[in-house]
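Just so it is clear, the model here is predicted, and its values are computed rather than measured.
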Amino acid sequence: MTTERYNPRETEPRWQKVWDDTNLFECDTSADNEKPNYYVLEMFPYPSGRIHMGHVRNYTMGDVVARYKKAKGYEVLHPMGWDAFGMPAENAAMQNKTHPKGWTYDNIAAMRKQLKSMGLAIDWSREFATCDVDYYAQQQRLFLDFLKHDLVYRKNAKVNWDPVDMTVLANEQVIDGKGWRSGADVEQRELTQWFFKISDYSEELLGAIDTLNDWPAKVKLMQSNWIGRSRGARIKFPFVKSESVVEKELICFSTRPDTLYGASFMAIAAEHPITLELAKTNAKLQDFVQQCRKMGTSAADVEKAEKRGFDLGLTVAHPFIEGKELPVYAANFVLMDYGTGAIFGCPAHDQRDLDFARKYDLEVTSVVASLDEPDQPYSVENTAFIDDGILINSGPMSGLRKAEAIDKAIDVLAENNQAEEEINFRLRDWGISRQRYWGCPIPVVHCDTCGVVPEKYENLPIELPEDVTFDIPGNPLDRHPTWRNVACPSCGRPAKRETDTMDTFVDSSWYFARFVTPQNENPVDPKAANKWLPVDQYIGGIEHAILHLLYSRFFSRAMSVAGHMDISEPFKGLFTQGMVVHETYGNKDIGWFQPAELEIREDEGKRTAVRLDNGQEVPIGGIEKMSKSKRNTVDPDDIMQTYGADTARWFMLSDSPPERDVEWTDAGAEGAHRFVQRIWRLVQIWADTVASADLPSSDADISTLRKATHKTLKAIGEDIEKLSFNRAIARIYEFVNVLSGVKLETQDAPTVSAMREGLFVLIQVIAPMMPHLAEECWKALGNKTVVSAEGWPQFENSLAQDDLLVLPIQINGKKRAEIEVSPEATPSEIEDASLALDVVQKFLDGKSPKKVIVVPKRIVNVVI
RNA sequence: GCGGGCAUGGCGGAAUCGGUAGACGCAAGGGACUUAAAAUCCCUCGGCCUUAGUGCUGUCCGGGUUCAAGUCCCGGUGCCCGCACCA
């Protein structure tokens, strides 16, 4: 028999057209649809221009779930859209003299075509981009609703300011404290900006984490820590030496009031009102404040910077120790936006305080003893002692353990009216103002008479003007006269439109809800949203573990408060997939080379990379995340042209567990492609023979082939439910090995029937992963239907179980023998049978065992 | 700096709740088929050994708990992700 090779270039577009023509993946979200519903969503892409392998991995995983759930009888919602606002479009506009809008929609068209060639089971009728006027008009409405419900306000906040380009920079655009284009030293500037009151929901967002049973534990932990609830005391320190300062006392927040007896200094933020007041008359302090402002706004920068302080010449009285005074410093490591912007320093029991104390030669008094040596204070050199311990030399707290000492300190301070207990959260309000063009305009107007006035609902949408240029840095909206100058919605007098646009995180905080009714005249249809939300399975990168997911959780609540729906948690199940990584070639001196520009040679185990254009050798570097800067990318288009979408999909699912990084290798892709051909060959060999065969009769036919079929079917269902695609794939390999082992010459009726059943099951279980190949095989096996529309086959429990189990027998924890037992055997039966074995008798040497442990269905351990 | 994660053969990984470490795949070596190559099929494949044995050893390093540890606990090392204006 001759077999022809499978040609994905011919079959894949053909089957995609069949699915498309029959609207196979369109979802019916109407209320009268009584099928159980399932919403699977992958994080939508930013339209950068081309899809990358990370997208292929992400969307393949979601596609397997979507196709599997559809086969299981669910009405499946699996949509796609574009996170289309953002900086890269403006950067492209500046570099290539394009318009952000044209650039973005061109990119969307290109990427849509690429995604479609992957054969994804997506309902494309729901597609939208966040830069579509229809979408951001609804978002402006939500903003006005939030404003009405007191969830939005204005306050001052710092931004990175490039004094040469005269523009605000994102943290990403600040490199080593300098502007990425101008190279100028970046400064901090205060601007009045819009904020969402996410911090009102701190307690709620924290508490509800417990209900997220289908989220990874690590993401829940990261969110908990991010919200950062801490109980402590707001302590008043009366000024002793205060000179020009008006305040009578300095108020600080501390989670460790138990260590007050070890306090040796006070530190306040450079932005603290007292610091700023004193700086007015003190040039050196003014200088210090300026230095702190050059630090950059990111938390990592602040905390990595060397601890620096400025003695303000003030002192405060210690609340407990009569006559003790503490000097007050301004310090660069104290954050104005956490607590009260002031701390007391206890160097012995806080590492930052210790670093600071060592630098400025301040007293270090240890007041906590370790649990091992409870009688003497822990001796501190350059490492602060922060573990649990016993308080010592600490007045009323002496002798207490950390937790009780904290309670005691708060009680005593509160009694004397020196402090109040306070719960603090690390979570800050969400600043959404961006001084940029390519975003959703904030629908408010600034009027000299009326102040800040919300736009009227009937004036929405506030559309972005298209006649803008990007030849000079800054926000073109600021210099657009006709767009900017408007009549005040309240008094009608000349006023100015807000030119800030919204953070793109706002766009991505509710798109999942819009997909349910993408054309609705309101942001969502409450009935449909309540039926379809939360998203059953959300899949995306771990890099979104905190911000995007937390903002979306806030948004669901805010939209519910505003009456749009009644949902608190947006994502029932969450899965964070790993990255696609690749070897790098080159270095920073000679530059980096793409895998496609090189040939990898292998000589006696030694690998070298050689340039295709001039034959020069290029050093092989580490395996890193695929990125434009290292050029270690593989274009999905090339792969799909060479091997087809099914091969790319299969490779992205196999080998690595989905939550871990996967390395793209040519060998792996070739291996995946060989498997595609192997299945096609197997089906061709058997197609004619099984076409006329009956399905196996249910009576006592327990061939190993049928057992393998039903065991595989059972296991793969479980694996897909758990998103363990790599394990499902290993089982498919094993199953194909079994099927390939059956010789065509063995054409007795039961074998052919079992083979027919096995091949049908094989094609149905690979269909979610390699849908085009599956369709082609399904047809070859004589089916007139499309396999993508078929139900999921049912396994027979009796066939999916083993008749006999092989148990290992250990002697003193080392495996020495095996024993076959029935699954129903009792522990004492297993024990007796095990002890009767020759091997076991030999080791026992006439003695009786000390102990025999029998773990049913697992192991026997004989302890001698 | 802070928060979170990961570490198993030459490589990716498997090992359900603490119960046979290395399933499955890739690479490599040997063989079959072929004029030859590709494709395909078969075999071997963690390390060690005067004893080739249901032998010893082995899951990043050092301790510990347990009848039993890749898995749990304590202490290290290395790498990765996030840090609020990248998306």
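- Nucleotides of RNA chain B nearest to A672(A) and Y46(A) differ in position, and the one nearer the 5' end is that of A672(A).
- You'll find that the side chain of N171(A) is closest to rC86(B), out of rC86(B), rU40(B), rC83(B).
- Within the 4.0 angstrom heavy-atom criterion, no nucleotide atom of any strand lies near W430(A).
- Seen from the ring of W680(A), R5(A) does not count as a face-on cation partner, given the 6.0 Å and 45° thresholds.
- Atom CG of D719(A) and atom P of rA14(B) are 11 Å apart (whole Å).
- For Q193(A) against rC85(B), a side-chain N or O and a base N or O form a donor-acceptor pair under 3.5 Å.
- Among the heavy atoms of the strands, none lies under 4.0 Å from G541(A).
- Between the CG atom of N156(A) and the C1' atom of rC85(B) there is a distance of 16 Å, rounded to whole Å.
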Can you tabulate the close N/O pairs, meaning under 3.5 Å, that link protein atoms to atoms of nucleotides 19-25 of chain B?
from    : atom 1 : to      : atom 2 : distance (Å)
rG19(B) : N2     : N861(A) : ND2    : 3.4
rU20(B) : O2     : K815(A) : NZ     : 3.0
rA23(B) : O2'    : E734(A) : OE2    : 3.3
rG25(B) : OP1    : N737(A) : ND2    : 3.3

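- Counting any heavy atom pair closer than 4.0 Å across all strands shown, K304(A) reaches a base atom.
- In textbook terms, a nucleotide whose glycosidic angle is within 90° of 0 is syn, while rG58(B), being further out, is anti.
- Across all strands, S654(A) comes closer than 4.0 Å to no nucleic acid atom at all (heavy-atom distances).
- Following rounding to the nearest Å, R660(A) (CZ) and rG70(B) (C1') show an atom-to-atom distance of 12 Å.
- Considering only side-chain atoms of I542(A), the nucleotide from rC81(B), rA84(B), rC26(B) that sits closest is rC81(B).
- As a whole-Å value, the separation of M579(A) CE from rG5(B) C1' is 12 Å.
- Anti is the glycosidic conformation of rC6(B), whose angle departs from 0 by more than 90°.
- Looking at heavy-atom distances under 4.0 Å, Q435(A) makes contact with a base.
- When heavy atoms are screened at a 4.0 angstrom cut-off, L427(A) is found touching base atoms of the nucleic acid.
- Contacts of F505(A) with the nucleic acid, taken as non-hydrogen atoms under 4.0 Å apart, include base atoms.
- Here V862(A) lies out of heavy-atom contact (under 4.0 Å) with every strand.
- The phosphate of rC85(B) (OP1 or OP2) has no side-chain N or O of N160(A) nearer than 4.0 angstrom.
- The aromatic rings of H55(A) and H52(A) lie parallel to each other, with less than 30° between the two planes, well short of the 60° mark.
- Heavy atoms of A667(A) sit under 4.0 angstrom from primed sugar atoms or phosphate atoms, though from no base atom.
- Across all strands shown, rG3(B) pairs with rC81(B); the Watson-Crick or G-U wobble distances both stay below 3.5 Å.
- Residue contacts shown for K814(A) are limited to sugar-phosphate atoms, with no base heavy atom under 4.0 Å away.
- Within the 4.0 angstrom heavy-atom criterion, only backbone atoms of the sugar-phosphate kind lie near P657(A); the bases stay farther away.
- Across all strands, H544(A) comes closer than 4.0 Å to base atoms (heavy-atom distances).
- Set against rG55(B), rC26(B), rC85(B), the side chain of R816(A) has rG55(B) as its closest nucleotide.
- As rounded to whole Å, 8 Å separates atom C1' of rC26(B) from atom CZ of R674(A).
- Taking the six-membered ring for Trp and thresholds of 30 and 60 degrees, F385(A) and H349(A) have ring planes more than 60 degrees apart, a perpendicular arrangement.
- At a threshold of 4.0 angstrom between heavy atoms, the contacts of S508(A) with the nucleic acid are absent.
- Toward the 5' end of RNA chain B, the nearer of the two residues I432(A) and E303(A), judged by each one's closest nucleotide, is E303(A).
- At the heavy-atom level, V174(A) lies nowhere under 4.0 Å from the strands shown.
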